[in-house]
**Q** 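Encoded as structure tokens, here's the structure I'll be asking about.
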Amino acid sequence: MLADVDVFLTNYTIVDPEIYQLWIEGFSSTEAVCYLKQKGFGHLMGVHIDLITSDVLDHYRTYSLIERLLHSPIKLIEQSCFQLEPETRDLIIEKYYSIDDAVAREILGKKLSSRYRKDLDEVAEKTGVKLKSCRRQFDNVKRIFKAVEELPGNITNNIKQLFNIPEELAKKYASIVFLACLRFETSKKKLQYLSFNDLFACSQAVMIYWTYTYQHSGPEYYDTEMDKEFLLDLRELRCLLDKEKEIKHLVCLRLKPILLERAFHELDTNFRSYWRSLISIAVNLHRTRELRDLYVDLCEKLIEPWRQNGWARDHVNKFLAAITQSVLDLEISRDQETRCLWDRYMQVISICLDKMHHA
């Protein structure tokens with residue numbers, strides 16, 4: 001009696017994490033073989049170099065075929081040509097969209113154009129990252145930017161859903177997209193000391209506190225759109241200029257017990273300059289040019305004077321905490337509105353100045 005037998009053949013695609021990482025980093029197949037040979041790969045088992053070369057070439061061919069699907073990870077998830085374990089699939093997507101902080105810093109502030117792509121050899125030389133990897137990272141940034149720049153809602157969530165990448169990585173791309181959309185100045189010579197992580201923290205703060213998503217939720221709100229009403233309302237903080245003496249008194253009361261005598265004397269002498277700089281930045285942020293130059297203004301008006309006067313990072317944070325709280329404690333007309341504006345403004349300014357001040 002004959003029995004019916006169902007037969008299913010499968011051929012799972014093998015992804016070697018080490019070889020895939022070399023491919024991601026822009027190693028040619030020849031360079032990858034040399035690298036593995038230097039590490040003693042296959043030596044203990046007596047594997048001939050020809051077999052290693054053949055294996056690497058096989059992996060590289062597979063990754064090149066998968067790459068076109070990685071441009072739209074949803075297609076990789078839905079396709080059936082490559083049998084991939086979910087963990088393996090997630091790994092190759094995450095690795096493909098990985099981005100070096102040094103490369104990301106070079107891309108910030110640049111137009112995502114074909115002309116700039118041709119100049120990536122300079123980025124490769126400056127960062128020590130292979131040209132092929134720089135091109136992959138640039139293309140990924142450009143691809144993600146085009147996909148999400150006009151989508152409503154939270155940028156990070158949009159990137160996670162469209163590209164199936166982890167949240168922390170999606171946040172990195174969200175910051176790059178945000179800075180590009182609003183054209184924040186990050187390329188000037190005096191800002192070159194700032195790392196990508198510095199600007200990442202600054203941009204995340206702006207996205208959280210100064211965009212429409214701060215007080216609104218829903219798919220119709222963008223966190224690439226500044227809260228224009230808030231920026232216009234910041235002009236009301238001009239009234240605080242008349243309260244300079246009271247605020248200085250409160251700040252000095254807080255800081256005198258915890259600062260060295262020399263540092264306290266310097267603050268007492270230059271308080272007016274620091275105070276007026278904070279207010280002038282606030283009341284001009286409604287102007288597009290001033291908003292784009294936020295990091296430049298913070299650097300020129302506050303960071304550079306603090307550096308010249310020997311302020312340490314801890315000194316900066318104590319001053320910012322004291323001046324923020326002193327205004328909140330002040331008795332002023334229309335106090336609740338002013339307090340809310342000041343607190344929301346200083347949430348971002350405090351984070352930015354903390355990250356930007358490299359002692």
**Q** Is K95 atom NZ crowded by more than 12 heavy atoms from other residues, nucleotides or ligands, each under 6.0 Å away?
**A** no
**Q** Can you tell me if Q192 has over 12 outside heavy atoms packed within less than 6.0 Å of its CD?
**A**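 Counting neighbours around CD of Q192, more than 12 heavy atoms of other residues, nucleotides or ligands fall under 6.0 Å, so yes.
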**Q** So which heavy atom on R262 is nearest to which on N309, and how close?
**A** NH1-O, 4.3 Å
**Q** For the residue pair Y345 and W342, categorise the inter-ring angle as parallel (less than 30°), tilted (30 to 60°) or perpendicular (more than 60°).
**A**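 It falls in the tilted class, 30° to 60°.
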**Q** Regarding D198 and S195, do their side chains bring together a donor and an acceptor under 3.5 Å, going by distance alone?
**A**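 Present: a donor and an acceptor within the cut-off.
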**Q** Could you check I19 against Y60 for side chain to side chain contact (heavy atoms under 4.5 Å, CB included), going step by step and ending with a plain yes or no?
**A** CA-CA 8 Å; I19 297 176; Y60 267 51; 3.9 Å; yes
**Q** Quiz question: by atom type and distance under 3.5 Å, do the side chains of N157 and Q161 form a donor-acceptor pair?
**A**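 Result is no, nothing qualifies.
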**Q** Consider only side-chain heavy atoms of I, L, V, M, F, W and Y, link residues closer than 4.5 Å, and tell whether L36 and L57 are in one cluster.
**A** no
**Q** In the structure I gave you, are the side-chain heavy atoms of I144 and Y97 within less than 4.5 Å of one another anywhere?
**A**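 The answer is yes, as the side chains (C-beta and beyond) meet within the 4.5 Å cut-off.
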**Q** Report yes or no: does D343 contribute a side-chain atom to a donor-acceptor pair with the main-chain N or O of R339 at less than 3.5 Å?
**A** no
**Q** Name the orientation class of the two ring planes belonging to Y274 and F319 (parallel below 30°, tilted from 30 to 60°, perpendicular beyond 60°).
**A** perpendicular
**Q** Should we say atom CZ of R276 is surrounded by more than 12 heavy atoms from elsewhere, each under 6.0 Å from it?
**A**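 More than 12 within 6.0 Å, yes.
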**Q** Tell me whether the NZ or CZ atom of R136 lies within the 45° cone about the ring axis of Y63 and under 6.0 Å from its centre.
**A**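 Negative - R136 is either too far from the ring of Y63 or too far off its axis.
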**Q** Please answer whether the main-chain N or O of D100 pairs with a side-chain N or O of Q137 as donor and acceptor at a distance below 3.5 Å.
**A** yes
**Q** Salt bridge check, D293 against R289: does any charged N sit closer than 4.0 Å to a carboxylate O?
**A** yes
**Q** Would you say the ring centers of F163 and Y173 fall short of 6.0 Å from each other?
**A** no
**Q** Can you tell whether the side chains of D233 and R344 come within less than 4.0 Å, N to carboxylate O?
**A**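 No, this pair does not count.
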**Q** Evaluate the salt bridge (Lys or Arg N to Asp or Glu O under 4.0 Å) criterion for residues K160 and E167: first the C-alpha distance (whole Å), next the side-chain angles of each, then the deciding distance (0.1 Å), finally the verdict.
**A** CA-CA 7 Å; K160 280 172 60 182; E167 179 150 356; 3.3 Å; yes
**Q** Between the side chains of Q204 and S175, is a donor N or O closer than 3.5 angstrom to an acceptor N or O?
**A**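 Looking only at side-chain atoms, S175 and Q204 do form a donor-acceptor pair, the distance falling under 3.5 Å.
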**Q** Under 3.5 Å, is there a donor-acceptor pair between the side chain of S280 and the main chain of S277?
**A** yes
**Q** Do side-chain atoms of K110 reach the backbone of E106 as a donor and acceptor pair under 3.5 angstrom?
**A** yes
**Q** L162 and P73: which non-hydrogen atoms are nearest, and at how many Å?
**A** O-CD, 4.1 Å
**Q** Is there a side chain to side chain donor-acceptor pair (under 3.5 Å) between E304 and Q308 once you walk through the steps?
**A** CA-CA 6 Å; E304 289 179 353; Q308 291 167 6; 5.5 Å; no
**Q** For the OH atom on Y35, are there more than 12 heavy atoms of other groups (residues, nucleotides or ligands in this structure) within a distance under 6.0 Å?
**A**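 No, not enclosed.
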**Q** Please give me the minimum heavy-atom distance between V327 and L240, naming the atom from each residue.
**A**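 Minimum heavy-atom separation between V327 and L240: CG1-CD1, 3.9 Å.
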**Q** According to a 4.5 Å side-chain heavy-atom criterion applied to Ile, Leu, Val, Met, Phe, Trp and Tyr, with indirect links allowed, do L91 and I14 form part of one hydrophobic cluster?
**A**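 No, separate clusters.
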**Q** Just by modelled atom types, is the D101 backbone N or O under 3.5 Å from a matching donor or acceptor in the N197 side chain?
**A**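 Such a contact is absent between N197 side chain and D101 backbone.
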**Q** Report, as yes or no, whether the 6.0 Å neighbourhood of atom NE2 on H71 holds more than 12 heavy atoms from other residues, nucleotides or ligands.
**A** yes
**Q** What pair of heavy atoms forms the shortest contact from C134 to V103, and how long is it?
**A** SG-CG2, 4.1 Å
**Q** Between N158 and P152, is there a donor-acceptor pair closer than 3.5 Å when you use the side chain of the first and the backbone of the second?
**A** yes
**Q** Please name the pair of heavy atoms, one in M207 and one in T211, separated by the smallest distance, quoted to 0.1 Å.
**A** O-OG1, 2.6 Å
**Q** Please name the pair of heavy atoms, one in F27 and one in E31, separated by the smallest distance, quoted to 0.1 Å.
**A**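 Answer, listing the atom of F27 first, then E31: CA-OE1, 3.5 Å.
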**Q** Treating R238 as the side-chain partner and I279 as the backbone partner, does any N or O pair qualify as donor plus acceptor under 3.5 Å?
**A** no
**Q** Could you go through the side chain to side chain contact (heavy atoms under 4.5 Å, CB included) check for L267 and W311 one step at a time?
**A** CA-CA 10 Å; L267 173 63; W311 282 38; 4.1 Å; yes
**Q** Test side chain to side chain contact (heavy atoms under 4.5 Å, CB included) on K37 and I49; report intermediate values, then the result.
**A** CA-CA 8 Å; K37 185 181 177 183; I49 189 66; 3.9 Å; yes
**Q** Would the number of heavy atoms belonging to other residues, nucleotides or ligands and lying under 6.0 Å from CD of Q79 be above 12?
**A**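 Correct, the count exceeds 12.
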**Q** Less than 4.0 angstrom from a charged side-chain N to a carboxylate O is my criterion; do R135 and D139 meet it?
**A** no
**Q** So does S187 get a backbone contact from the side chain of E185, meaning a donor-acceptor N/O pair under 3.5 Å?
**A** yes
**Q** For K318, does its backbone N or O pair with a side-chain atom of R254 as donor and acceptor, under 3.5 Å?
**A**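 It does not hold such a pair.
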**Q** When I107 is tested against each of V123, L179, L112 for side chain to side chain contact (heavy atoms under 4.5 Å, CB included), which residue passes?
**A**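 Checked V123, L179, L112 against I107; only one passes side chain to side chain contact (heavy atoms under 4.5 Å, CB included): L112.
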**Q** Angle class for the W210/F230 ring planes (parallel below 30°, perpendicular above 60°, tilted otherwise)?
**A** tilted
**Q** Is the backbone N or O of D50 less than 3.5 Å from a side-chain atom of S54, with the two atoms forming a donor-acceptor pair by type?
**A**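 Such a contact is absent between S54 side chain and D50 backbone.
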**Q** With no hydrogens and no angle check, do the side chains of S28 and T30 hold a donor and an acceptor under 3.5 Å apart?
**A** no
**Q** Against the six-membered ring of F200, is K172 placed for a cation-pi contact (under 6.0 Å from the centre, within 45° of the normal)?
**A**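 Negative - K172 is either too far from the ring of F200 or too far off its axis.
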